[in-house]
A.B. asks: 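Please read through the structure below; I'll follow up with questions.
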Amino acid sequence: FGAVRQGQLGSSFLLAANQQLDLTVRLARGGAIAGAVTNESGDPVANIEVRVFRTVLSRDTGHSSLQSYGQPQSMKTDNDGRYRVYGLPAGDFVVAAVPIANSRAPAGTAPRVLRPGEVDSISGGSPASTLSPRVAYSPVFHPSATGPSEATVIHLQSEEERTGTNIIVRFTPSTEIVGSVSSNLPLAPGSLQVLLGSAREDTLALGTTPAQVDPSGGFVLPQVGPGVYYVLATARELTSRVSASSPVNLYALEKVEASGKRVSLDLSLQPGIEVTGRVRLDGAVPALADVQSTRLRLLPQQGTPLVPLRAVSADVYGFFRFGGIPPGVYRLSVATPPTAGVFVNSADLGGQDVLDRDFTVAPGLPADAITVDVTRNPTLLTGTLQTDSAAITPEFFLVAFSTVREFWQNPTRRVAITRSDSTGHFTIHGLPPGKYYLAVTSDLAETDLDKPEVFDGLVTRAVTVTLESGKTTRQDLRVK
């Protein structure tokens, strides 16, 4: 209600007891992208999956990734190679034809490009000494790019029907990754998994692909497209009492580049790493009731395997533990429910706030290395927004963001967006202590703040405020 375009924050309103209020909310018609998929000869490619992607920033990690949009989120081309994805909001998109990986295809069924010697062999000539590599369709972005960074961006307007978004797919050498997993420890039955994931932003990974694993620990990942990947093996020790914080306590990790050649790996499972720390409430040991509803999570960053790690809570003394963590780069997330009345200030690891910055998990990480500070006395920023005529202006947006440019990303906790109520009053509470810009704008969607240049424009008309724990900072604003 009150938004004039898609993605914009709505307007607040006052509702008295027993009052009935009629509101009108206009639903915008979704846009659509349509086109055809052909091969290099111009022939239509039927039954190939097509997806429309948008680059989004993760609210957990602050890193960008491709997210499917539209209806259906994944569809197949018809017999003429045509597709249409609808229900799209206005914004920037890329379109990809994504061949469906056939991880269970029988050996020898993947196509290969024949060399002249092989043709001679088939026709009765001399046999070829070396077979050429198997080939398969790899993901291709409109019009014929192999990665999202090279794709043509579709700037879709509200309710627009964009046609002619054609894609040319081609065969590329595919890689077969084979190997075995070994362990000096007995493994819980059925716990061994081998996963393939993207290790680089320009390698399209649609989730994490599991491998076929036999009882002896051998595995096969067939028809892997070009790119840089990680191969991750995870398992549970048979005799271990696995912490509720992690379903995996053994790991093996190898980075590989798929370039058309067969890759062989020998993975040896190792114990995971423990990440421990403590929670303090206003500098002291908290009561269990103060922290039992607080949830801490480790969030793998780009290039680190997406191992499913459960959230943990602090114990009666404020200590917490993540067990069985594969090495890599992570960020800590700490969440407290609004009803708890507890707010997160910081999480210190060696002088660095790991709620805002990535940190490396590796062997040798000190015990209780992370100190999480929470408080019952959060920052509070409040004020009134008016025009020169002293009129109330609920249609404006207020943006509070750190004066440190490094934190100019909307998903970080140092950016807050709000609108004033019908009386012109606004309140922002719970931002970490520090210096902030406070700016007013008349047109803003949350996704607009994914771009640092938007903040550059806001800085030119912003005021600076300093927020402190347990203190109320009042800043009235007048729009000219």
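Residue numbers run from 1 in the order of the sequence given.
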A.B. asks: At their closest point, which heavy atom of Ser313 faces which heavy atom of Leu296, and how far apart are they?
C.D. replies: CA-CD1, 4.3 Å
A.B. asks: Give every donor-acceptor pair under 3.5 Å between a side-chain atom in residues 182-192 and any protein atom, sequence neighbours left out.
C.D. replies:
{"unit_1": "Ser183", "atom_1": "OG", "unit_2": "Leu185", "atom_2": "N", "d": "3.0"}
{"unit_1": "Ser183", "atom_1": "OG", "unit_2": "Leu185", "atom_2": "O", "d": "3.0"}
{"unit_1": "Ser191", "atom_1": "OG", "unit_2": "Ala188", "atom_2": "O", "d": "2.7"}
{"unit_1": "Ser191", "atom_1": "OG", "unit_2": "Arg236", "atom_2": "N", "d": "3.2"}

A.B. asks: Just so I know, are the side chains of Asn166 and Ile168 near enough to count as touching, which here means a heavy-atom distance under 4.5 Å?
C.D. replies: no
A.B. asks: Can you sort out the partners of Glu40 under salt bridge (Lys or Arg N to Asp or Glu O under 4.0 Å), two or more places apart, ordered by chain and number?
C.D. replies: Arg170
A.B. asks: Roughly how far, to the nearest 0.5 Å, is the CD1 atom of Ile177 from the CZ atom of Arg262?
C.D. replies: 11.0 Å
A.B. asks: Under 4.5 Å between any side-chain heavy atoms of Val275 and Leu298, yes or no?
C.D. replies: yes
A.B. asks: Go through it in stages, so that I can follow the logic: the residues are Asp43 and Val45, the test is side-chain contact (heavy atoms from CB on, under 4.5 Å), and I'd like the CA-CA distance, side-chain angles, deciding distance and then a yes or no.
C.D. replies: CA-CA 6 Å; Asp43 300 321; Val45 179; over 6 Å; no
A.B. asks: Heavy atoms, side chains only, cut-off 4.5 Å: are Glu176 and Val220 in contact?
C.D. replies: yes
A.B. asks: Can you pull the ring-ring contact (aromatic ring centres under 6.0 Å, His included) pairs that have at least one residue in residues 28-48, sequence neighbours excluded?
C.D. replies: none
A.B. asks: Listed by chain and number, what are the salt bridge (Lys or Arg N to Asp or Glu O under 4.0 Å) partners of Arg295, not counting sequence neighbours?
C.D. replies: none
A.B. asks: Among residues at least two apart in sequence or on other chains, which ones pass side chain to side chain contact (heavy atoms under 4.5 Å, CB included) with Val316?
C.D. replies: Leu288
A.B. asks: Would you say Thr294 and Val279 make side-chain contact, with heavy atoms under 4.5 Å?
C.D. replies: no
A.B. asks: What distance do Leu332 atom CG and Phe322 atom CZ have between them, rounded to the nearest 0.5 Å?
C.D. replies: 6.0 Å
A.B. asks: Measure the OG1-CZ distance between Thr276 and Phe320 for me, rounded to the nearest 0.5 Å.
C.D. replies: 7.0 Å
A.B. asks: Looking at every heavy atom in both Gly260 and Thr175, which two are closest together, and how far apart are they?
C.D. replies: N-OG1, 2.8 Å
A.B. asks: Minimum heavy-atom separation for Ala96 and Phe53, please, with both atom names.
C.D. replies: CB-CE1, 3.8 Å
A.B. asks: Set out, in order, the CA-CA distance, both residues' side-chain angles and the distance that settles side-chain contact (heavy atoms from CB on, under 4.5 Å) for Leu267 and Glu254, then state yes or no.
C.D. replies: CA-CA 8 Å; Leu267 304 178; Glu254 191 77 29; 3.8 Å; yes
A.B. asks: Do other residues, nucleotides or ligands put more than 12 heavy atoms under 6.0 Å from Tyr317 OH?
C.D. replies: no
A.B. asks: For the residue pair Thr379 and Leu431, what are the closest heavy atoms and their distance?
C.D. replies: OG1-O, 2.6 Å
A.B. asks: Of the non-hydrogen atoms in Arg54 and Gly91, which two are nearest, and what is the gap between them?
C.D. replies: NH2-CA, 3.6 Å
A.B. asks: State whether the side chain of Asp266 and the backbone N or O of Gly179 hold a donor-acceptor pair below 3.5 Å, judged by distance alone.
C.D. replies: no
A.B. asks: Could you tell me whether the side chain of Thr336 and the main chain of Val342 form a donor-acceptor pair under 3.5 Å?
C.D. replies: yes
A.B. asks: Can you tell me how far the CZ atom of Arg280 sits from the CG atom of Asp373, to the nearest 0.5 Å?
C.D. replies: 4.0 Å
A.B. asks: side-chain contact (heavy atoms from CB on, under 4.5 Å) for Thr38 and Val169? Distances and angles first, verdict last.
C.D. replies: CA-CA 6 Å; Thr38 61; Val169 297; over 6 Å; no
A.B. asks: Let me see the working for Val181 and Val213 under side-chain contact (heavy atoms from CB on, under 4.5 Å), right down to the final yes or no.
C.D. replies: CA-CA 9 Å; Val181 182; Val213 183; 5.9 Å; no
A.B. asks: Here's a test for you: under side-chain contact (heavy atoms from CB on, under 4.5 Å), which of Lys76, Met75, Glu49 qualifies with Tyr83?
C.D. replies: Met75
A.B. asks: What closest approach, in Å, do Ser346 and Leu355 show between heavy atoms, and which atom pair accounts for it?
C.D. replies: C-CD1, 3.7 Å
A.B. asks: With heavy-atom distances below 4.5 Å as the criterion, would you say the side chains of Phe343 and Arg376 are in contact?
C.D. replies: no
A.B. asks: Students often mix this up, so state it plainly: with edges at 30° and 60°, are the rings of Phe401 and Trp408 parallel, tilted or perpendicular?
C.D. replies: perpendicular
A.B. asks: Would you compute the distance between atom CZ of Phe455 and atom CZ of Phe407 and round it to the nearest 0.5 angstrom?
C.D. replies: 12.5 Å
A.B. asks: Could you work out, with side chain to side chain contact (heavy atoms under 4.5 Å, CB included) as the rule, every residue matching Ser469, not counting sequence neighbours?
C.D. replies: Asn345, Pro433
A.B. asks: Does Lys255 reach the side chain of Val228, with side-chain heavy atoms less than 4.5 Å apart?
C.D. replies: yes
A.B. asks: Between Asp358 and Arg331, is there a salt bridge with N-O shorter than 4.0 Å?
C.D. replies: yes
A.B. asks: Ignoring hydrogens and angles, tell me if any N or O in the side chain of Ser180 forms a donor-acceptor pair with the backbone of Gly217 under 3.5 Å.
C.D. replies: no
A.B. asks: For Asp353, enumerate each residue passing the salt bridge (Lys or Arg N to Asp or Glu O under 4.0 Å) test, keeping only those at least two apart in sequence or located in another chain.
C.D. replies: Arg413, Arg414
A.B. asks: Rounded to the nearest 0.5 Å, what separation is found between the NE2 atom of His429 and the CG atom of Leu467?
C.D. replies: 12.5 Å
A.B. asks: Can you list everything that forms a side chain to side chain donor-acceptor pair (under 3.5 Å) with Asp92? Sequence neighbours excluded, please.
C.D. replies: His155
A.B. asks: Residues two or more places apart in sequence or in another chain: which of them pass side chain to side chain donor-acceptor pair (under 3.5 Å) with Thr152?
C.D. replies: none
A.B. asks: My understanding is that only one of Phe219, Tyr229, Tyr230 makes a side-chain contact (heavy atoms from CB on, under 4.5 Å) with Leu196; could you say which?
C.D. replies: Tyr229
A.B. asks: Decide yes or no for Asn377 and Asp282: does some side-chain heavy atom of the first lie under 4.5 Å from some side-chain heavy atom of the second?
C.D. replies: yes
A.B. asks: Taking side chain as C-beta onward, heavy atoms only, is Leu250 less than 4.5 Å from Gln270?
C.D. replies: no
A.B. asks: Can you run down the ring-ring contact (aromatic ring centres under 6.0 Å, His included) pairs that involve residues 261-295, sequence neighbours left out, and say none if there aren't any?
C.D. replies: none
A.B. asks: Under a 3.5 Å cutoff, is there a donor and acceptor pairing between the side chains of Asp214 and Ser216?
C.D. replies: yes
A.B. asks: Quick one: list whatever passes side chain to side chain contact (heavy atoms under 4.5 Å, CB included) with Arg162, sequence neighbours left out.
C.D. replies: Ile33, Ile154, Leu156, Glu160, Thr165
A.B. asks: Report the residues that fulfil side chain to side chain contact (heavy atoms under 4.5 Å, CB included) with Pro327, sequence neighbours left out, ordered by chain and then residue number.
C.D. replies: Tyr251, Ile273
